[in-house]
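Following: one structure in structure tokens, then a few remarks.
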Amino acid sequence: MLLRYLLESKAGTEAAIVKLKSLESSVSTGRKWFRLGNVVHAIQATEQSIQVTDLVPRLCLTLANLNRVVYYICDTVLWVKSVGLTSGVNREKWQLRATRHYYYFLLLSLVRDLYEILLQMEQVLQDRAKREKSPQGSPGYNVVSEDTDYLQSFLLLFFRSLRRHPPLLLDTVKNLCDILIPLNQLGIYKSNLGVVGLGGLVSSVAGLITIVYPQLKLKTH
């Protein structure tokens with residue numbers, strides 16, 4: 001999608017754009033095939049999220065995973081339609097359902113990320129207060145300074161909290177990039193193909209990092 005967007009403004013690339021569209025469609029169908037078993041994993045994730053001790057993550061993750069289950073069911077129905085196993089499926093209706101539940105899943109996941117970020121911000125402030133009270137503590141750099149604008153101080157604290165928790169940073173970035181797709185498809189926030197494609201690329205890289213380095217995957221607690 002990103003390549004198609006970059007080529008659209010160039011002359012003599014019509015054939016390449018047609019091939020990219022065909023490739024995009026084929027990859028989409030292939031991804032549906034590989035996701036057929038994910039509904040089972042989503043159900044297992046829902047069962048695990050119910051056991052989370054903290055109320056807010058438990059509620060967000062449980063509702064998010066329930067929406068993910070419905071999304072994968074809709075996705076399976078769309079795959080059945082795409083391979084011609086049935087003709088009685090309204091593709092547009094099921095696509096809208098899938099997109100809507102995918103959006104709810106990502107939105108709830110971001111709410112969980114925001115809650116975790118707020119906890120990290122609180123921890124940063126607590127650690128700073130402990131260092132200032134300690135006899136060996138030095139003034140150092142004040143996260144929230146009276147000499148700086150409140151918004152600037154808040155953003156500094158926000159990014160510093162993310163920096164000290166890489167798994168949370170990766171999960172937040174991935175969810176923010178992923179949500180661009182349903183936002184665009186549902187008409188909530190329209191983006192061009194370049195933005196959506198770039199978001200998908202960044203999300204894929206973030207996902208690959210958590211596979212190569214499992215310790216960077218955000219854990220539930």
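Given the structure is predicted, the values throughout are model-derived calculations rather than measurements. The first residue of the sequence shown is numbered 1, and numbering continues consecutively from there.
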Flag, side chain of R112 to backbone of L61, donor-acceptor distance under 3.5 Å: no

Heavy atoms from other residues, nucleotides or ligands near CZ of R91 exceed 12 (cutoff 6.0 Å): no

T13 side-chain N/O to L7 backbone N/O, donor-acceptor pair under 3.5 Å: yes

Beyond-backbone contact of R164 with Q123, side-chain heavy atoms, under 4.5 angstrom: yes

Transitive ILVMFWY side-chain link L110 to Y189, under 4.5 Å: yes

Expected output: side-chain N38 to main-chain H41 donor-acceptor under 3.5 Å: no

For L108, side chain to side chain contact (heavy atoms under 4.5 Å, CB included) partners two or more places apart: L63, A64, N67

T172 and L176, any side-chain heavy atoms less than 4.5 Å apart: yes

Donor on one side chain, acceptor on other, D178 and S203, under 3.5 Å: yes

Atom NZ of K21: over 12 foreign heavy atoms under 6.0 Å: no

Residue pair D75, Y102: steps toward the side chain to side chain donor-acceptor pair (under 3.5 Å) verdict: CA-CA 10 Å; D75 200 55; Y102 184 50; over 6 Å; no

Results of side chain to side chain contact (heavy atoms under 4.5 Å, CB included) for S82 - residues two or more places apart only: T29, W79

N65 (side chain) donor-acceptor with A42 (main chain) under 3.5 angstrom: no

N/O donor-acceptor pair under 3.5 Å between T62 side chain and L59 backbone: no

N/O donor-acceptor pair under 3.5 Å between R4 side chain and I17 backbone: no

